[in-house]
> 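Quick one: the structure is below, questions incoming.
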Amino acid sequence: MAATERTDLGCALCIITGASRGFGRTVARDVARLVEPGSAFVLVARSGDELRALQAELGQSEAGKAGLVVECVVADLSDMEGVESVVTTCEEAFSNQIDHVILVNNAASLGDVTRYAKSFTNMAEVDSYLSLNVSSSLCLTAKILQAFPQRSGLRRTVINVSSLCALKPFRSWVLYCTGKAAREMMFRVLAEEEPDIRVLNYSPGPLDTDMQMLARSKTADPTIRKSFSDMFAQGQLLTCEESCAKLMKLLLEDKYTSGAHIDIYDV
Ligand SMILES: NC(=O)c1ccc[n+]([C@@H]2O[C@H](COP(=O)([O-])OP(=O)(O)OC[C@H]3O[C@@H](n4cnc5c(N)ncnc54)[C@H](OP(=O)(O)O)[C@@H]3O)[C@@H](O)[C@H]2O)c1
C-alpha cells in the first residue's frame, strides 16, 4: 500500500481484455495517460479493426510519442488458443524496464437475457457462456501470473471488471449474474492466496455501451427491462469516462483492500 498517492502507474505492461469498445477502450486511453515511458500495452478482443484503430490512436497520443508500445491480439477469449496468444504477446512485449504488470479482466458478454433460468436445459450453451466469462479470466490471470512471477521491484495488479450482478440476482439474467458472481469469487480467492498481488473487483455502474443497449432491448423480465429503459431515457447512464476516472483514482491511491468489491458509487 502506498503511503502517499502516486501520480502515475509506473512503467507498466498493461493487458486489457475487451479493449475494442465500451469500458475497455476507455480504460486503455486512461491508463495510457498514466504510465511512464517504456510501457507496453496488449489490447485484446475479436474485432481487429477496432483494436487497430485504438492502437493507432494511442500511437499518436503523448504516451505513443514517448515510446509506448501497443500490441493487438485479435482473439476469441472463449477458447484456450485465444488465451495463449495473449500470453505469448505479453512475453514478447515485456522488457526489463517494466516495474508493474496490470491485467484488466474486462471482456464479458451479457448472454441470452431473453429467457428465464428454467429454460437453460442445454449444458453446452451454459458451458460456452462460462468459458468466456469465467474460465478464460481465471486461466488468463493464472498464466500471466506464472509468466511474470513475484520478484523484487515488480508490482502486480489484477482488476476484475465486476457488476452489481455479482451480488444481486436479476430476473432473466441467470447467465450474467452467475458468471459475475463466480468470477468475483475467483478473484477474492486469489487475493487471499497471494498477498503480494493487488486484486480489485471494480463495479463500474450502469454504462452507456452496447451491453446496456442489449440489456434494455432484450431482457425478458418486463420490470428489469423497464428499469434499464428508464435509466437510459432519464439520462442516468454513466459515460465510460466518468466511471473509468474513478477506477484510475482507486489505482493511483492504491488503498483498497485487496480482493474487495468496490462500486463506482463508493469511490
Ligand atoms: N455496460 C454496463 O452497464 C456494465 C455494468 C456493469 C458491469 N459491466 C461490465 O463492464 C465490462 C465492459 O462492458 P461494456 O459495457 O463495455 O461491454 P461491451 O460494450 O459489450 O464490450 C465488451 C467487450 O468485450 C469483448 N468481448 C466480448 N466477447 C469476447 C470474446 N469472446 N473474446 C474476446 N473479447 C470479447 C468485446 O470485443 P469484441 O466483440 O470485439 O470481441 C468488447 O470489447 C464487462 O465486464 C461488463 O460485464 C458493464
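Counting starts at 1 for both ligands and their atoms, following the listed order. Counting from 1, the numbers follow the sequence of the chain as shown.
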> Would you say the side chains of N160 and N201 form a donor-acceptor pair under 3.5 Å?
yes
> Can you confirm whether the side chains of D79 and S131 place a donor and an acceptor under 3.5 Å from each other?
no
> Report every pair formed by an N or O atom of ligand 1 and a protein N or O atom separated by less than 3.5 Å, giving atom names and the distance to 0.1 Å.
| unit_1 | atom_1 | unit_2 | atom_2 | d |
| --- | --- | --- | --- | --- |
| ligand 1 | 1 (N) | T209 | OG1 | 3.0 |
| ligand 1 | 3 (O) | L207 | N | 2.8 |
| ligand 1 | 3 (O) | Q212 | NE2 | 2.9 |
| ligand 1 | 15 (O) | T209 | OG1 | 2.5 |
| ligand 1 | 16 (O) | F23 | N | 2.8 |
| ligand 1 | 19 (O) | R21 | NH1 | 3.3 |
| ligand 1 | 20 (O) | R21 | NH1 | 3.0 |
| ligand 1 | 21 (O) | R21 | NH1 | 3.4 |
| ligand 1 | 28 (N) | R46 | NH2 | 3.2 |
| ligand 1 | 31 (N) | D76 | OD1 | 2.8 |
| ligand 1 | 32 (N) | L77 | N | 2.9 |
| ligand 1 | 37 (O) | S20 | OG | 2.9 |
| ligand 1 | 39 (O) | R21 | NH2 | 2.7 |
| ligand 1 | 39 (O) | R46 | NH2 | 2.9 |
| ligand 1 | 40 (O) | S20 | OG | 2.9 |
| ligand 1 | 40 (O) | R46 | N | 3.4 |
| ligand 1 | 40 (O) | S47 | N | 3.0 |
| ligand 1 | 40 (O) | S47 | OG | 2.4 |
| ligand 1 | 41 (O) | R46 | N | 2.8 |
| ligand 1 | 41 (O) | R46 | NE | 2.7 |
| ligand 1 | 41 (O) | R46 | NH2 | 3.4 |
| ligand 1 | 43 (O) | G18 | O | 3.1 |
| ligand 1 | 43 (O) | S20 | N | 3.4 |
| ligand 1 | 43 (O) | S20 | OG | 2.8 |
| ligand 1 | 45 (O) | N106 | O | 2.7 |
| ligand 1 | 45 (O) | K180 | NZ | 2.9 |
| ligand 1 | 47 (O) | Y176 | OH | 2.5 |
| ligand 1 | 47 (O) | K180 | NZ | 3.0 |

> Under 3.5 Å, is there a donor on one side chain and an acceptor on the other for S78 and D76?
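Looking only at side-chain atoms, D76 and S78 do form a donor-acceptor pair, the distance falling under 3.5 Å.
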> Is it true that E57 and R29 make a salt bridge, defined as a side-chain N closer than 4.0 Å to a carboxylate O?
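Salt bridge flag = yes for R29 with E57.
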> With a 4.0 Å cut-off, would you call D99 and R155 a salt bridge?
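No, D99 and R155 are not salt-bridged.
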> Do the two ring centres, one from F170 and one from Y176, sit under 6.0 Å apart?
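Judged by ring-centre distance (under 6.0 Å), F170 and Y176 do not meet the cut-off.
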